[in-house]
Amino acid sequence: MRFFQNTVGRKIIVAATGQIMVVFVVLHLLGNPLNPYPVKLPDIGSLKQLLRVLLLLSFIFHAFLGVQVAIENRAAKPQTYVVRKKFHTNFAAENMLWTGILAAAFIIYHLLGASMPGAGSGYIGTVIYLVGLTALFLHLYHGIASFFQTVGCNNERTLPVIERIGKGMAVIMLVGYAYMMLLNWP
Amino acid sequence: MLDGKCPSGPIHEKWDRRKQELKLVSPANKRRYKIIVVGTGLAGASAAATLGELGCNVEAFCYQDSPRRGHSIAAQGGINAAKNYPNDGDSIFRLFYDTVKGGDFRAREANVYRLAMISNSIIDQCVAQGVPFARDYAGYLDNRSFGGAQVSRTFYARGQTGQQLLLGAYAALMRQVRAGSVKLYPRTEMLDLVIVDGEAKGITVRDLVSGDIKCHAADAVCLCTGGYTNVFYLSTNAMGSNVTAVYRAYKKGAFFANPCFTQIHPTCIPVSGEHQSKLTLMSESLRNDGRVWVPKNKGDERPPSEIAEPERDYYLERKYPAFGNLAPRDIASRAAKEVCDEGRGVGPGGYGVYLDFEDAIKRLGENTIRERYGNLFEMYERITGEDAYKQPMRIYPAPHYAMGGLWVDYNLQSNIQGLFVLGEANFSDHGANRLGASALMQGLADGYFIISYTIADYLALTKPGSVNTGHAEFRRSIEDVNASIKKLLSINGRRTVNEFHRKLGRIMWEYVGMSRNEDGLKKALAVIPELRAEFWENVTVTGSGEELNQELEKAGRVADFLEFAELMARDAFYRNESCGGHFRVEHQMPDGEAKRDDEDFCYVAAWEFKGINKEPELHKEPLSFEDVKPAVRSYK
Amino acid sequence: MDLNLFVWRQKRPDEKGAMERYEAEDISPDMSFLEMLDVVNEELIKRGMEPIAFDHDCREGICGMCSQVINGIPHGPREKTTACQLHMRNFKDGDTIYIEPFRAKAFPVIKDLIIDRSALDRIIQAGGYISAHTGGVPDANTILIPKEDADTAMDAAECIGCGACVAACPNGSAMLFTAAKVSHLAVLPQGKIEAARRVCVMTEAMLKEGFGNCGNHYECQAACPKGIKVKFIAKLNREYIKAQIGIK
């Protein structure tokens, strides 16, 4: 159990579960029925249920530990500076908690059966989708590359490359899903 | 007549013989003894860690916020050891010989030999602790050469050897804190030594955060509180380095030995103005590859690049062809002062000489130089705004190290039973001048490998816990400390503590600095008491005693410096000879070298306190040299 | 040059502090930042006011005692430079400078700019060492260490324990500090023996002391006066995984 209480242990779980969901986000884009160029994903049959469980568990652990870590982090910095200059961090990195909550809410909303906004779905649905997608994008913008640092697959040379790839992936996801939303728009 | 209580026998057997003679305390009994260690630099941290590991109850004190910040951390160049890894003719005897000769035959032979013997164990110990010493491509330890030696025996960790050694000792100390054998008191300053029935039994301290004055009783006290060169105000010491702990021990009866032996380091960054608060040392190792020069002509204000080779005076290479730029510190320092006094100094104010890397960069390439000294060049650039890869550095001597300190015998015990003094705070190993890379060696030798043996001999004869803080001496000590704090806070004068310190520094630098003479010393002996009197009438200390009060801390330290300065001047006055770092202009060779007087001054001058404004009493410990023949210390 | 200072003043740990304004006049560009504060303090003392309390000691950038955030940056605007080595030529006449203490829950303010950093010592106490006894160790050259490894260990060991990484971290995490010690010792053969235990207990101690978790913001690396790299945090993470799955 010490692993689940350790600062690194928890972060590794958050990073790994996050990355599992990233894989799903990518596959979901590729194999989406709305995709005009759908990629035929292999039929895995009964494995699907298992993967659903895996995804669900990932979601739960990611959310639970992510929130716990974020609460601790806020407590560790009770007072901020009157003047503060930032060097490397960015809006996305600093708001992982909020983008995470928004993205989670969006995913739940999506799973509850709300299909892609299209004709007749109204503006509210569109706005929800746009906000959800943006939150997800911001979350991935920091999260994808962060994974590699957290699991220790990083050094001085790879760090900037991985960061660029991670941010690029996040942009591709945003553009990809937004594009399909547009396609669905009559 | 003082007796250093050195063991008998041939020099290389003395330490083994002594270890055989020393009594032991059984492991089961060690737990019952409490030892106070004041200061957590190399000597203090290593002593506290080692004593704790052996099973004693240790209380370790430092004024900094963490024991990792002792000023040993700032030592850059390296640590000597007689390993002879480079196969260039080094041996324990040669390290011993070089150290005695470097100290101008004013150190105790037996102590120095022991130091040289232990030097090898220190390197082994530090490597085992994970100190990342420099390595060659085969993975073996690398060595560099250093001033005052013709062999490469200096082990180093980039330009931060002191830091790495201290962090090693600090880590060992932290391990003992975790194990419960050492209790740590950071931000706590020792303000008095408590003596019960003639033996050191505790200290009085001020908690620098709350201002509480408290006593700690113990079975023995180790002072590892460093040197006192901040008596010059500007020195390479940390701002907080002070004489207070050892001076208050002196006032309680401990003898102060050779206080006038201070070392002026030749390679420091010159003063830039009145605001200067401290001087920054550039490691002496720079002299391995840098060449020291000034213009041949007076008042030559051209930039260095425009001064052609024939117009430059490489005065160290000219005067000391065998050692050249690696001449010992005192000689290099005085030579720099000499050329500047002639009006050939460089930089603002004319108090600086060039240390030029142009040839080394040509010979070895900029990368090699960067690898060796990169951090020093960066530091130089930060402070001066100049790029030493492109133009020569400017350097000037600055007070750096105190060879003098509390008198101790071979066992590192002072004349007060139960009071042990380690590292720079004692006087024992460096004579009148310390060679580069030897301070770290001494601090760790004392702390890791000597004190644990010698203190046991004292403890074995002591009943553990015989005194507690309820004793009248402790109560009196608290009253005294409280009274002096109250006094400092009540003066409410018009001048700040710093102003007094700065003024004292100027007096000391002028009259008791790099070169001294009878008239100057008389003058110093006259003006120091005047300044001290003014201090006690006109100093202003803001705030109260019941809070964190840095002005009050400083005031207490400066008050002690104002008394100690007089002792130092007096010692310099009485030592009517030149030796090592103590240069009396009346006594010099025709070529300006220090001229010793072995007939009359081959002794350790140990002073006994007799009262403020009263002359202290001089005790002499004669020095005899059986294994090294005192010779004229020539580096030509 | 003349400067406008806003300095955090706080009399006691439990009191509320505030920024107060001071003027620093006639400041020479050759002064260090702390010497500039000395000048301001001398003026305050002469006017019978309490000087600004700030931690400092060696004033040559190695003891790690200074702990000020200058214009929003721990140790000020010059990279790889402690406050004591920061010189006033990095500022210009008329500048406004904000000076605050390092902020983190684990670093409570004691007075003005002075903070309590003993939590860092306790992280080391947890296991930031090699458990070598004094004496009884082999000859130094029996342990061969590849030069690259010795250099890497030294890169990490250069940490001065100032806590700027914690001050800069949005999460108040001491991960860079902890990683530097873990990496320094894990790279060396002498340190590998205890590496697994060390990384676990030190990271546990970090959290226990009230530091936050690493969020991979990399602000620590930018603030570190010794230029210690976040690659060592990756190394710590790696060491932790190795420890969990039992790889030596």
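Numbers restart at 1 for each chain; the letters A, B, ... are given by sequence-line order, proteins then strands.
For the side chain to side chain contact (heavy atoms under 4.5 Å, CB included) criterion with C:Asp139, the lone passing option out of B:Asn120, B:Asp124, B:Ile123, B:Val127 is B:Asp124.
No hydrogens or angles considered: a donor-acceptor pair under 3.5 Å links the side chains of C:Glu42 and B:Thr496.
Contact tally against chain B (heavy-atom pairs below 4.5 Å) for C:Ser32, C:Ala126, C:Gly136: the top residue is C:Ala126. No other option in C:Asp151, C:Leu185, C:Val39, C:Leu188 has as many heavy-atom pairs under 4.5 Å with chain B as C:Asp151.
The structure places CG of B:Asn375 at 8.0 Å from CD1 of C:Ile62, a figure rounded to the nearest 0.5 Å. Within the model, atoms CZ of B:Arg135 and CG of C:Leu144 stand 7.0 Å from one another, a figure rounded to the nearest 0.5 Å. Rounding to the nearest 0.5 angstrom, the gap separating the CD atom in C:Glu35 from the CD atom in B:Glu274 is 11.0 Å. The NZ atom of C:Lys80 sits 5.0 Å away from the CD atom of B:Glu378 when rounded to the nearest 0.5 Å. Atoms CG and NZ, from C:Asp38 and B:Lys278 in turn, are 13.0 Å apart once rounded to the nearest 0.5 Å. The distance from the CE atom of B:Met239 to the CG atom of C:Leu34 is 8.5 Å, given to the nearest 0.5 Å.
Both the backbone and the side chain of C:His133 come within contact range of chain B, with heavy atoms under 4.5 Å apart. Using a 4.5 Å cut-off between heavy atoms, C:Arg78 touches chain B through its side chain atoms alone. Contact of C:Arg89 with chain B is made through the side chain alone, with heavy-atom distances under 4.5 Å. Looking at C:Glu148, only its side chain comes within 4.5 Å of chain B, counting heavy atoms on both sides. Interface remark: C:Asp155 contributes backbone and side-chain atoms alike to the contact with chain B (heavy atom separation under 4.5 Å). Proximity to chain B (any heavy atom under 4.5 Å) is shown, for C:Ser131, by both the backbone and the side chain.
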- Let me see the working for C:Cys58 and B:His71 under side-chain contact (heavy atoms from CB on, under 4.5 Å), right down to the final yes or no. CA-CA 7 Å; C:Cys58 78; B:His71 199 55; 3.7 Å; yes
- Task: Would you sort out whether B:Arg187 and C:Ile110 count as a side-chain contact (heavy atoms from CB on, under 4.5 Å), showing the intermediate values?
- Result: CA-CA 12 Å; B:Arg187 290 199 197 271; C:Ile110 296 174; 3.8 Å; yes
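B:Phe449 places a side-chain heavy atom less than 4.5 Å from the side chain of C:Thr134. Side chains of B:Gln550 and C:Ile114 form a contact here, defined as non-hydrogen atoms less than 4.5 Å apart. Side-chain contact between B:His275 and C:Met88 is absent, with no heavy atoms from C-beta onward closer than 4.5 Å. Looking at C:Asp57 and B:Tyr63, their side chains come closer than 4.5 Å, going by heavy atoms from C-beta outward.
Contact record, B:Thr280 with C:Glu60: CG2-CB, 4.0 Å, taken as the closest heavy-atom pair. B:Gln125 approaches C:Ala132 most closely through the heavy-atom pair NE2-O, 4.4 Å. Taking all atoms of both residues into account, the shortest heavy-atom contact from C:Cys63 to B:Ile73 is CA-CG2, 3.9 Å. Taking both residues in full, the closest heavy atoms of B:Leu184 and C:Gln125 are given as CD2-NE2, 4.2 Å, listed atom of the first, atom of the second, then distance.
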